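Since the structure comes first, as structure tokens, the remarks are kept for the end.
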Amino acid sequence: MSLIKHSENLFEFRDTCNVYILKSGAECLLIDTGSGAVMQHLPGIGIERVAWVLHTHHHRDQCWGTSVVQKAGAKIAVPEYERHLFDNVEAYWQAKRIYGNYNDTNTFFSLGTNVPVDAILEDYATFVWKEYEFRVLPAKGHTYGMVSLIAEVDGRKVAFTGDLMTSGGKLYQLHAMEYSYGSLVGVEFTMQSILALKRENVATAYPSHGTPIREVAGDIRKLESRLEALADLGRLSTSGFSSIFFKDWQTIRESKLQPITQHLLWAGPYTCSNFYVVLSGSGHAMLIDYGLTSLAHLHISNDHGSYQALRFVQHHLEQLRDDYGVREIELVIPTHIHDDHVCGIPFLQRHFGTQCWALDCVAEVITAPDAWASTPCCFHRPIQVQRTLRDGEEFHWRGFDFEIHHAPGQTEYHAMILGEIDGKRIVFGGDNLFLFNPQAGEIDRDIAIQSTVMRNSFQLDMHRRCANVMRVMKPDLLCPGHGELIPMTQSRVAEYTDYIDRKETAFREVVNEPANHFIDLFWARMLPYLLEARPNSEVAYAVKIRNNLERSAVFSARLLPAFGWTSHGGLESIPLEPGERGEILFSAIAPSRADPRRRLMTAEILIDGVSQGPICEALAWTSPD
């Protein structure tokens, strides 16, 4: 690919990000580096030396070639609040919390090895090189520490804006707006950043992806409107999770089991994660989920970084024995994979011999959490599954009839379970549907909403599928994973479907098409995510890919092994039709010496031969023989 000339001294190289070149005589300054391939094209415009690289943010697609440029003699300047993700990034990977993780910020897209830093780009300060003076403007949004760089270039005031926005008034990636679990607070940050950019009155903004933004003020106005539509979904948090924070007096003591019907109990609305008990009437119990007793056990607030995984504490079983005569907890069925709903299952299996049945996609994750640990909130202990259930399968337990359906809403790996219990059609909905007051627009009451967590493999059609499942089930009562029981009527199902429609419209409008490609964080995923190997041993990796492009495409992958590791083979490819999924397999050889430090393995992904950069990652280490 040749260089694109924007003005006398400003050039662009389209790579895994847009790399901008500012020329001064035989020297230049780069804005970001992409893969580093830009170096091959610089002699063609008379450049003999790269003096500086200024990075807008820390993501791998922006800077995985920085070491190449650095070895050629360039100095590196990075945003003040992301320096640690350049020159101390190896420590980040050692300390990164894997299990019990409710932090969804996209620092996982960091480099794997340290990059020495020569200068920082301090908020509201200036960086001067030759005739160019860059003013550093905070651009918090796509990442926490991202900056825009405002400069006069060839007589025009321009901005280099990283991934703040794209041409046409869109976000580059919607999932980047998710900072904490289920919270799109990045929408608020982005609004502040684009309004600050608008006040600069630049002639052109040059983003990290896509074409130059020529109508800066007009495109910002469009994005303002789209961000407001997202906010109207409710409190910049589309999970409804914020509605389950309780007063201390409500949770300081263990709640009491309460009857829903003669043969169905629950622990009341003040548990953290609801679980339900089906009674046989003859001393046997079947549980739907069994997780945490109170919200404090989640450790999602100030103490989040202090713990490595959820610690389960037994609850409610004495009352089940003493008040309801349960002698045997025979069966437990999880609605979905999340640790706050399944962390008690290994305890039941160890102490009561309880069997676990699970929907196939749920079983795949909970039986091998190390492989799937890039997904938030996996429980760190593998759970044995004695029976794997299929989508739509009917099953029976001690006179009760059930059916299970794949309902990929709050997470891709989620089921809803319908039971005929005491003459009522009861759905166990997990973390899909809640009652929630958005406190936005014309809505001033609780409505039925579908929770969203972008990092839970969200795709647009997932919620529509949940609505379809709900219409097919026609429940009388929904038993949610958090909060109060929800009586279901046709009008409430219609309200739920309407919310999903509004959400889908807002999500689709704020990104470019094909929307799922810019919404789906895990269109490429590397398994296993955590891997411990013996020195010199051979290990296998799979890169799972789903085609969100709405057209046929050839997807290719190349394993980029960590320091000390080697890989067999090079670029492997697979053709995929629209919506089709596939996987590419690789093997790697561990170093000859044990090294307990986590090393970052990545895979470069190409679409029809065009590199997207080292998109997906995994962590590996070697243990002694």
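All values derive from a computational prediction rather than experimental measurement. Position 1 is the first residue of the sequence, and the numbers go up from there.
Among the candidates H336, H463, H406, the single residue satisfying the ring pair (Phe, Tyr, Trp, His ring centres under 6.0 Å) test with H414 is H336.
Residues T452 and K503 bring a donor and an acceptor atom of their side chains to less than 3.5 Å of each other. Looking only at atom types and distance, the side chain of T602 has no donor-acceptor partner in the side chain of R60 under 3.5 Å away. No hydrogens or angles considered: a donor-acceptor pair under 3.5 Å links the side chains of H341 and D431.
Side-chain atoms of P334 and D289, non-hydrogen and from C-beta on, do get closer than 4.5 Å to each other. Two residues are said to be in side-chain contact when any heavy atoms from C-beta on lie closer than 4.5 Å; H338 and Y413 fail this criterion.
Here the straight-line distance linking atom CG of L530 with atom CD of E532 works out to 10.5 Å at 0.5 Å rounding. Taken from NE2 in H315 to OG1 in T293, the straight-line distance is 5.0 Å, to the nearest 0.5 Å.
More than 12 heavy atoms of other residues, nucleotides or ligands lie within 6.0 Å of CD in E495, so this atom counts as buried by the packing criterion. R381 CZ: 12 or fewer foreign heavy atoms inside a 6.0 Å radius. Within 6.0 Å of atom OH in Y144, 12 or fewer heavy atoms from other residues, nucleotides or ligands are found, so the atom counts as exposed in its surroundings.
Relative ring orientation between Y102 and Y181 is described as perpendicular, the plane-to-plane angle rising above 60° on a 0-90° scale split at 30° and 60°.
Taking the six-membered ring wherever Trp is involved, the centroid distance between the rings of F379 and F312 does not fall below 6.0 Å. No close placement of the Y172 and H59 rings is indicated, their centers lying 6.0 Å or farther apart. Ring centroids of F586 and Y541 are separated by 6.0 Å or more, keeping the two rings apart.
Using a 4.0 Å cut-off between charged side-chain N and carboxylate O, E580 and R546 make no salt bridge. Salt bridge annotation for K96-E617: absent, with no cationic side-chain nitrogen under 4.0 angstrom from a carboxylate oxygen.
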